[in-house]
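Here's the structure we're looking at; comments come further down.
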Amino acid sequence: MQNPQIRVRIAPSPTGNLHVGTARTALFNWLFARKNNGKFILRIEDTDLERSEEKYVQNIYDSLKAIGLNWDEGPDIGGEYAPYRQSERTEIYREYAQKLVESGHAYYCWCSTAELEAEKEIAQREKRDFVYSGRCKKFSREETEKYRQEGRTPVIRFSMPAKKLKFNDMVKGEIEFDTALTGDFVIMKSNNTPTYNFAVVVDDAEMKISHIIRGEDHISNTPRQILIYEALGLEIPQFAHLGMILAPDRSKLSKRHGATAVNEFIDQGYLPEAFVNFLALLGWSPPDGEEVKPLSEIITLFNIDKISSTPAVFEFDKLNWLNGTYIRNLPIENITQRARKYLEKSDLSAYSEKQLREIVEAVKNNLVKLSEIADSISYFFGEDVNIDDQIRETILKTEQSQQVLREFSGLAAELDYRDAEGINEKLGEFRKQMKPLKPKDVMWAVRASLTGRTHGADIAVVIKLLGKERTLRRVQNAITATV
RNA sequence: GCCCCCAUCGUCUAGAGGCCUAGGACACAUCCCUUUCACGGAUGAGACAGGGAUUCGAAUUCCCUUGGGGGUACCA
């Protein structure tokens with residue numbers, strides 16, 4: 001079987017930060033390339049000069065790299081088919097457009113926006129779809145010259161052959177369109193710049209793209225593109241259209257649903273490796289049922305035939321669970337290091353690195369996002385602790401708690417603060433000693449006085465890390481504050 | 001409106017005619033562990049959108065309806 005080099009691409013337009021939908025498409029392309037020993041290419045589609053911005057190009061690079069998707073050819077690293085930015089390829093599009101005009105597959109259209117609007121209005125009134133009439137197609141050289149003389153700037157339209165067009169989609173199966181419904185569409189704008197549908201075809205062909213894996217929002221563009229391939233006598237690639245990513249309310253994922261850009265998730269404290277893992281699960285499922293899986297393993301298991309054709313809801317619950325799982329599985333040094341910027345919201349100087357790791361170890365289990373660590377560890381810092389009014393009133397101020405704390409301050413004075421396990425044992429004895437008070441109530445009083453909270457890290461560890469002085473001080477404060 | 005795509009638990013999905021009284025994961029509930037919250041463990045509840053047709057037999061094939069999504073630009 002002739003199996004030419006597999007080449008896929010991701011072609012985002014830099015009109016915003018890298019969207020999760022684009023990231024997911026990039027991921028599937030990347031997986032397909034890596035799985036099949038192919039090439040993954042990054043191309044920047046910046047033909048829309050108005051909306052494209054350089055900072056977004058940078059964001060695309062950064063986001064892709066952050067989630068571990070490296071490309072083999074691209075604007076920044078070059079490659080055999082450079083340049084990889086559409087804005088630097090305009091000459092190429094012009095040549096191809098010219099070819100099409102010469103071969104009769106395209107023609108200049110001199111219609112003004114106003115004239116087109118009028119046609120559209122009529123179509124609307126007659127309740128039929130607007131399909132460009134194609135009247136400029138028949139113009140003679142003289143008429144063309146006349147318009148040029150008038151100072152009109154033409155567009156180039158592709159001459160649509162009307163026919164039933166079938167193509168086989170790798171994920172959707174056979175799809176059929178009636179191209180008569182489309183009409184002659186613009187391939188070169190009046191500013192001599194290509195439209196999307198034309199530029200993609202030219203680039204994909206020039207760059208020898210073998211498989212086009214993209215979102216299903218492009219499915220209706222496909223017949224037009226196939227027709228251009230045909231008109232140009234180029235080989236038609238394989239298509240695969242992925243279901244969209246939807247918001248929990250099943251509408252298109254947008255800003256109003258919260259974060260939509262990859263970097264926002266990472267900034268929020270999602271681990272990039274957890275995030276890609278989650279993305280992979282949107283439309284693909286591991287044959288062995290093990291969903292927590294690094295990219296390296298997903299590559300070997302990945303199979304494009306197994307991609308779901310259904311749109312997928314972006315569910316935060318599962319992302320959160322995955323992220324927590326990844327955090328828990330990380331070696332403690334690694335978490336500590338990666339959480340540094342959040343940890344540093346507290347003044348770390350009072351602790352050694354070793355102690356800091358103990359703190360992280362003590363709180364890591366209930367983290368969903370790395371960023372939450374800042375709050376989880378806050379009571380380990382400072383001489384005193386903030387206790388909110390409700391806890392002060394309902395937990396600390398009760399006579400029962402006061403009694404516990406008076407007793408506990410005695411115990412606290414003679415603990416061995418180097419030994420968490422020992423502290424734990426003493427605490428056990430203490431609970432017995434405080435009977436008939438319930439163990440839970442006893443510990444809540446102690447915990448609240450020390451941490452200002454009703455839940456958190458193992459209390460013996462808290463006591464150890466707080467040390468004698470602060471433990472005594474905080475307990476004492478909790479007692480005196482209410483007298 | 002027209003065109004195209006899609007349709008299994010709340011969500012992501014497994015399922016390619018009998019293995020399905022439909023499996024897994026997240027979320028949810030209960031219980032266990034436990035000084036708290038978590039973590040971990042166990043159990044439970046929970047779906048083939050509806051209607052026809054094909055077949056000995058349909059979640060799986062076909063048709064219709066309904067619902068959802070996408071497209072309908074000199075945006076990409």
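Throughout, protein chains are lettered first and strands after them, A, B, ... in sequence-line order, and every chain is numbered starting at 1.
- Which of B:rU36, B:rC39, B:rU35 sits closest to the side chain of A:P439 comes down to B:rU35.
- If you measure from atom CZ of A:R214 to atom C1' of B:rG71, you get 12 Å, rounded to the nearest angstrom.
- Atoms CG (A:L165) and P (B:rC4) sit 13 Å apart, rounded to a whole Å.
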Counting primed atoms plus P, OP1 and OP2 as sugar-phosphate and everything else as base, spell out the protein contacts along nucleotides 11-17 of chain B at 4.0 Å heavy-atom distance: B, S or - for each nucleotide, 5' to 3'.
SBSSS--
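- Counting non-hydrogen atoms under 4.0 angstrom, A:T182 reaches nothing in the nucleic acid.
- Across the protein-nucleic acid pair, A:I245 atom CD1 and B:rG68 atom C1' stand 17 Å apart, rounded to whole Å.
- Each of A:N221 and A:E174 was matched to the nucleotide of RNA chain B holding its nearest heavy atom; the match closer to the 5' end belongs to A:E174.
- Between A:F314 and A:F316, the two ring planes are perpendicular [angle over 60°; tilted spans 30° to 60°].
- Taking atom P in both B:rG50 and B:rU60, the straight-line distance is 10 Å, to the nearest Å.
- The separation of B:rA16 from B:rG10, taken at their P atoms, amounts to 23 Å, rounded to a whole angstrom.
- Among residues at least two apart or in separate chains, side-chain hydrogen bond (donor to acceptor under 3.5 Å, both in side chains) pairs with a member in residues 276-291 of chain A are A:N277-A:Y326, A:D288-A:K293, A:E291-A:K318.
- Going from atom CD1 of A:I219 over to atom P of B:rC2 covers 20 Å, rounded to whole Å.
- Between A:F430 atom CZ and B:rU35 atom P there is a gap of 15 Å when expressed in whole angstrom units.
- A:R157 and A:D184 make their closest contact through NH1-O, 2.7 Å (heavy atoms, listed as atom of the first residue, atom of the second, distance).
- A:K364 comes within 4.0 angstrom of no nucleic acid atom, judged by non-hydrogen atoms across all strands.
- For the C1' atoms, the distance linking B:rG44 with B:rA7 amounts to 28 Å, nearest Å.
- Across B:rU65 and B:rU11, the matching C1' atoms stand 26 Å from one another, rounded to whole Å.
- Distance from the side chain of A:T195 is smallest to B:rC74 among B:rU36, B:rC74, B:rU35.
- Here, B:rA47 and B:rU21 have their C1' atoms 14 Å apart, quoted to the whole Å.
- You won't find any donor-acceptor pair under 3.5 Å spanning the side chain of A:D178 and the base of B:rC3, going by distance alone.
- Within 4.0 Å (heavy atoms only), A:D169 reaches no atom of the nucleic acid at all.
- Distance A:N197 CG to B:rU72 C1': 12 Å, rounded to the nearest Å.
- In this structure, the CD1 atom of A:I187 is 13 Å from the P atom of B:rC74, given to the nearest Å.
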Nucleotide by nucleotide, 5' to 3', does protein get under 4.0 Å of the base (B), only the sugar-phosphate (S), or neither (-) in nucleotides 61-67 of chain B, counting heavy atoms?
-------
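- Across all strands shown, B:rU66 forms a Watson-Crick or G-U wobble pair, both distances under 3.5 Å, with B:rA7.
- At a threshold of 4.0 angstrom between heavy atoms, the contacts of A:R51 include nucleobase atoms, whether or not backbone atoms are also involved.
- The environment of CD in A:E176 is crowded: more than 12 heavy-atom neighbours from other residues, nucleotides or ligands sit within 6.0 Å.
- Here A:H241 lies out of heavy-atom contact (under 4.0 Å) with every strand.
- For A:T179 against A:A162, the heavy-atom pair with the smallest separation is OG1-CA, 3.4 Å.
- Listed nucleotides: B:rC6, B:rG70, B:rG71. Nearest to the side chain of A:R224: B:rG71.
- In this entry the distance linking CE of A:M160 with P of B:rU72 reads 13 Å, nearest Å.
- Residue pairs meeting the ring pair (Phe, Tyr, Trp, His ring centres under 6.0 Å) criterion with at least one member in residues 419-441 of chain A, sequence neighbours excluded: A:F408-A:F430.
- A salt bridge (Lys or Arg N to Asp or Glu O under 4.0 Å) check over residues 434-450 of chain A, counting only residues at least two apart or in different chains, returns nothing.
- Counting non-hydrogen atoms under 4.0 angstrom, A:E50 reaches nothing in the nucleic acid.
- Closest to the side chain of A:S220, out of B:rU36, B:rC75, B:rG71, is B:rG71.
- Contact annotation for A:S13: backbone-only contact, meaning every heavy-atom pair under 4.0 Å involves sugar-phosphate atoms and none involves a base.
- Going from the C1' atom of B:rA45 to that of B:rC26 covers 15 Å, rounded to whole Å.
- Listed by chain and residue number, A:F302 satisfy the ring-ring contact (aromatic ring centres under 6.0 Å, His included) test with A:F28 (two or more places apart in sequence, or in another chain).
- As judged by a 4.0 angstrom heavy-atom cut-off over every strand, A:L427 is placed among residues making no nucleic acid contact.
- Closest approach to the A:W321 side chain among B:rA38, B:rA25, B:rG70 is made by B:rA25 (side chain taken as heavy atoms from C-beta onward).
- In this entry B:rA29 has B:rU43 as its Watson-Crick or G-U wobble partner, both defining distances falling under 3.5 Å.
- Across all strands, A:D441 comes closer than 4.0 Å to no nucleic acid atom at all (heavy-atom distances).
- B:rC5 and B:rU30 are spaced 46 Å apart, taking the P atom of each and rounding to whole Å.
- At the heavy-atom level, A:N320 lies nowhere under 4.0 Å from the strands shown.
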